[in-house]
Amino acid sequence: MTKLSKILSIIQYALLAITLVFAGMFFFGGEIVGETYYTPVYTESFLNWGKLLVLVAAGISLLFEVFNLIVHPKNAVRTLISIGLLLVVVLISYGLADTTPLEIIGYQGADNVPSMLAMAGTMLYGMYILFGVAVIAILYAELSRMFK
């Protein structure tokens, strides 16, 4: 095991431990008194940790793609095609997103506006599309292996 893989393994286990702490706080930390529905006390902290993990993963992915383009310029076309396909998925998802304000009984927050609804819809539809592509890729890989 190389030194870098040992460091990455330690970082992985540290992130898992922190996530387990946040999950424990979320599930066993009690609830906010006086709310209409059951609302855990540490919901905001748990969501912020998840957002941080997603942003760090996206940032690292972009940095490694840029690094890979610099080190291996011959693979630039393949990388640009994959970025273009991802952009197409985002644009299709954005086109499918609905911006009609929701009729939510008892909700007085500021997030029921077209811009937030478009972002949420884009993320949901993007996830659905990418999940569908992943399932199709898995099925294709397994079926093509069976017929070889």
Establish whether V56 and L8 are linked, either directly or via other cluster members, by ILVMFWY side-chain heavy-atom contacts under 4.5 Å. no
Look up atom CZ in F67 and atom NE2 in H72, then write down how far apart they are to the nearest 0.5 Å. 7.5 Å
Above 12 or not: heavy atoms from other molecules or residues under 6.0 Å from CD of E103? no
How about OH on Y107, more than 12 heavy atoms from neighbouring residues, nucleotides or ligands closer than 6.0 Å, or not? yes
Check F26 against P40 and note the closest heavy-atom contact, atom names and distance. O-CB, 3.4 Å
Could you tell me the separation between the CD1 atom of I138 and the CG atom of L143, rounded to the nearest 0.5 Å? 11.5 Å
Over all heavy atoms of both residues, which pair between L102 and L117 is shortest? Give the atoms and the distance, please. CD1-CD2, 4.0 Å
If I compare all heavy atoms of S82 with all of T79, which pair ends up nearest, and what's the gap? OG-O, 2.7 Å
Tell me, with the steps shown, if T19 and W49 meet side chain to side chain contact (heavy atoms under 4.5 Å, CB included). CA-CA 8 Å; T19 302; W49 175 248; 2.9 Å; yes
Report yes if some heavy atom in the side chain of S45 is under 4.5 Å from a heavy atom in the side chain of F22; otherwise report no. yes
Correct closest heavy-atom pair for L53 and L15 would be CD2-CD2, 4.1 Å
Count I, L, V, M, F, W, Y as connected when their side-chain heavy atoms are under 4.5 Å apart, and connections chain through other members. Are V113 and I104 then in the same cluster? no
Once you round to the nearest 0.5 Å, how far does CD1 of I92 lie from CG of L87? 10.0 Å
Nearest 0.5 Å, what's the OG1-OH distance between T43 and Y38? 8.0 Å
Let me check something: do Y128 and V89 share a hydrophobic cluster, defined by ILVMFWY side-chain heavy atoms less than 4.5 Å apart, either directly or through other members? yes
Show the nearest heavy-atom pair for residues M116 and D111, with the distance to one decimal. CB-O, 3.3 Å
Hydrophobic cluster identity match, I83 and L69, side-chain contacts under 4.5 Å: no
Atom of I129, atom of S93 and distance for their closest heavy-atom approach: CD1-OG, 3.6 Å
I'd like to know if the side chain of N48 and the backbone of E44 have a donor-acceptor N/O pair within less than 3.5 Å. yes
How many angstroms lie between atom CG of L124 and atom CE of M119, to the nearest 0.5 angstrom? 10.5 Å
Between CD1 on residue I81 and CG on residue N75, distance to nearest 0.5 Å: 11.0 Å
With clusters defined by side-chain heavy atoms of hydrophobic residues (ILVMFWY) lying less than 4.5 Å apart, directly or transitively, does V66 cluster with L86? no
